[in-house]
Every structure is written in C-alpha cells, then in structure tokens.
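Report on the structure given below.
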Amino acid sequence: AAQITALAPHLVFLFTAYSRLNLLGEKVLTLAGLPLTDPHDPNKKSEAVQLYLSHLQPESLPEYHNQGFIENIERICSLIEGFPLAIALAAGQTRCMSSNELLSEIQRNMDILQSSSVNFPERHRSIQASFENSWNHLSEEKQRSLAMLTIFNAPFTCSAAEAVFSITAVALRDLAGESLLTWDAVERYRFHRTILQYAREKAHFSEDEIKTIKEKYRFWFLHRLEQFNNLRELNLISEKLQSLETELGDLISSTHFFI
C-alpha cells in the first residue's frame, strides 16, 4: 500500500477489519446499526424496517398486509438494534414462521437468527457464528475481559470496570474498537444485545474467581450508594440520581450478594 500511495498520493483505500489498523492517516468509520426511526418523518418506515422488508416477497407472505405486521417488524428491528446481519437472518425466518412467533423467539434469545442459504459465508449464517468468528480473533486476555464484563447488567463506566475486574480504560477502548462494546461517547460502555448473549456463554470462572468478583462487585455498588448518601448539594444530587438510575440493574443485583 505504501508503494502504491507513493505513486498515487490521492488514492484512497477502504478496508473492513475487526480492529483499527493503527496506520498514520487512518480514518475509522464505525459501523453502527441502522436507524430505527426516521428523524424527519416519524410516520415513515425506518431504514432498519425498509431493509427487513426488502428481503421479503409480499405476494407469498399472507400476513404482510395484516394489521400489526409492521409493528412486529419494528419491534424485532429494535430488539436487534438495527444490526443488518441480524435483520437479514430474521427476515429469512419470516418466510416460515409468523412475525409474532419470531418476535417471541428473539425476546428469549438470538439462536433463531440463522440461515442455511448457500450464498451466505459460513460466518454469516448465524449471529453465533459471526460472534465466534470475532471471538477467535481476540487474544486470551481480551476474551477473558469481554466475558467478565458481561456480569454488568447495565451500561458501565471505566471506573467500574477497573474496580471490579481490573480492566483498564485502554482495554475497554480496544474492545470498543473491535465493535464488541458500544461506547456512548460520554462515559459508559455497553454490550450490543446480539453480542451479550454469546459473550455471557463464554464466562467460565473458578469458584474462587467468582467469589472475588462478587465481593468487588457488591462493594463497588455499595460505594456508589454511599457516595450518593453523602451528597448535600442539590445540583449534584440530581446528577447522581440520573447516574444511579442508569446503574439500577447492577445496584439491585449487588444487593443479592449480601443475602
């Protein structure tokens, strides 16, 4: 590439990769899920729904014009967060099961999202296969970090990850750079729903490790509650309340470890 750009300095290369290439002059375009609403017209079908419908054949789908069909598709797209591969796999299932049944299955887990289409690469024939392909590109240290982070039930901060699992901000940034975590561009990271299920299945720890993790987990969130309890400034109380509301799932889980 260096030799080519030396001869053609205005040439632009476009690569798809699991992680940043860390090249001088590199510009990273992070691929997110398709929009779930149209910002200009709330009544217009979103890009996610449009992609879903583009995979269907209305003439061979009796429920296509039924009341509630589009609502189900919108809910399915929301559950899979507009992820294009998941949309294509879900649409494929609509040919052999009702949208109501498909919605119920996806609410339980992502295993229904698979295809036997011969023109799909093996790694794209299911969400699990896609995840396994990404997982196998990770170092053992990153695999362990990703599995541990699934213990969080809500979006988490760098401080929480370091306090509970000794996972650094650099490690979180690397996992987000490989599209395995989503960063809110402010302070918190979270899992995409299509990744969380399969990452949790990789979480295998010894009894001693589980005991240590539980202790750190409960004391971190107890510390968070103590911080709130000690606040006296009204403006800070409002800000901290919003933060605790975001962490509510973990605050509740941490109290179970005291029982």
Side-chain angles (χ1 to χ4, degrees), residues 14-21 28-36 46-56 72-97 99 101-153 155 167 171-184 189-204:
L14 177 63
F15 298 95
T16 59
Y18 289 98
S19 59
R20 297 170 184 265
L21 301 178
V28 178
L29 302 175
T30 303
L31 299 179
L34 293 175
L36 299 172
S46 68
E47 289 184 31
V49 171
Q50 288 181 51
L51 177 62
Y52 194 111
L53 297 178
S54 73
H55 288 284
L56 305 180
N72 283 341
I73 301 308
E74 289 173 341
R75 292 175 66 189
I76 289 170
C77 289
S78 178
L79 283 172
I80 56 184
E81 299 186 36
F83 185 28
L85 175 59
I87 288 175
L89 294 171
Q93 294 298 324
T94 310
R95 303 187 191 105
C96 54
M97 64 192 307
S99 59
E101 291 173 320
L102 179 58
L103 178 59
S104 296
E105 286 291 333
I106 293 176
Q107 287 172 331
R108 282 194 288 271
N109 62 61
M110 296 286 172
D111 292 343
I112 190 66
L113 299 179
Q114 54 182 286
S115 172
S116 57
S117 298
V118 295
N119 59 340
F120 255 31
E122 189 66 37
R123 67 182 184 276
H124 290 163
R125 292 186 184 178
S126 70
I127 295 299
Q128 183 173 14
S130 178
F131 171 77
E132 290 291 342
N133 193 50
S134 298
W135 175 265
N136 291 334
H137 281 80
L138 297 177
S139 65
E140 288 187 10
E141 182 180 357
K142 287 183 178 179
Q143 288 178 346
R144 179 174 172 79
S145 294
L146 191 70
M148 285 194 293
L149 290 169
T150 63
I151 292 173
F152 286 125
N153 295 302
I167 297 175
L172 292 177
R173 186 186 64 203
D174 287 346
L175 289 171
E178 299 187 42
S179 300
L180 292 166
L181 289 177
T182 300
W183 182 48
D184 68 1
Y189 291 86
R190 69 175 182 86
F191 280 91
H192 192 289
R193 191 170 181 270
T194 57
I195 292 174
L196 179 59
Q197 174 185 331
Y198 299 109
R200 273 187 172 154
E201 292 176 0
K202 301 291 186 181
H204 304 296

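When reading the values below, keep in mind they use all heavy atoms of this one structure, side chains included, and skip hydrogens, waters and symmetry mates. Computed from a prediction, not measured in an experiment: that's the story for all the values here.
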Got a sec, which residues hit salt bridge (charged side-chain N to carboxylate O under 4.0 Å, His left out) with [X], two or more places apart in sequence or on another chain?
| X | value |
| --- | --- |
| Glu122 | Arg125 |
| Glu47 | none |
| Arg193 | none |
| Glu81 | Arg190 |

So how far is it from [X] [atom1] to [Y] [atom2], rounded to the nearest 0.5 Å?
| X | Y | atom1 | atom2 | value |
| --- | --- | --- | --- | --- |
| Ile76 | Leu102 | CD1 | CG | 4.0 Å |
| Leu85 | Ser115 | CG | OG | 9.5 Å |
| Leu181 | His192 | CG | NE2 | 12.0 Å |
| Leu175 | Gln143 | CG | CD | 10.5 Å |
| Leu196 | Glu201 | CG | CD | 10.0 Å |
| Leu103 | Met97 | CG | CE | 10.0 Å |

Would you call Arg144 and Glu141 a salt bridge, using N to O less than 4.0 angstrom? no
Are side-chain heavy atoms of [X] and [Y] found at a separation under 4.5 Å?
| X | Y | answer |
| --- | --- | --- |
| Tyr189 | Leu149 | no |
| Tyr52 | Thr94 | yes |
| Thr182 | Phe191 | no |
| Leu146 | Trp135 | yes |
| Asn109 | Tyr198 | no |
| Glu105 | Gln93 | no |
| Leu180 | Ser134 | yes |
| Arg75 | Gln107 | yes |

Nearest heavy atoms of [X] and [Y], plus distance in Å:
| X | Y | result |
| --- | --- | --- |
| Ala90 | Ile106 | CB-CD1, 4.4 Å |
| Ala48 | Gly82 | CB-CA, 4.3 Å |
| Gln114 | Leu89 | C-CD2, 3.8 Å |
| Leu56 | Ala91 | CD2-O, 3.5 Å |
| Pro35 | Ser46 | O-CB, 3.4 Å |
| Ala203 | Thr150 | CB-OG1, 4.1 Å |

Can you name the one residue among His137, Arg123, Lys202 that meets side-chain hydrogen bond (donor to acceptor under 3.5 Å, both in side chains) with Glu132?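 Among His137, Arg123, Lys202, the one that satisfies the side-chain hydrogen bond (donor to acceptor under 3.5 Å, both in side chains) with Glu132 is Lys202.
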With sequence neighbours left out, what residues match His124 under ring-ring contact (aromatic ring centres under 6.0 Å, His included)?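 So His124 forms no ring-ring contact (aromatic ring centres under 6.0 Å, His included) with any residue.
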Set of residues satisfying side-chain hydrogen bond (donor to acceptor under 3.5 Å, both in side chains) with respect to Asp174, sequence neighbours excluded: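 Partners of Asp174 by the side-chain hydrogen bond (donor to acceptor under 3.5 Å, both in side chains) criterion come out as none, since no residue qualifies.
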Where the side chain of Ser54 meets the backbone of Leu51, is there a donor-acceptor pair that is under 3.5 Å apart?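 Side chain of Ser54 to backbone of Leu51, a donor-acceptor pair under 3.5 Å: yes, one is there.
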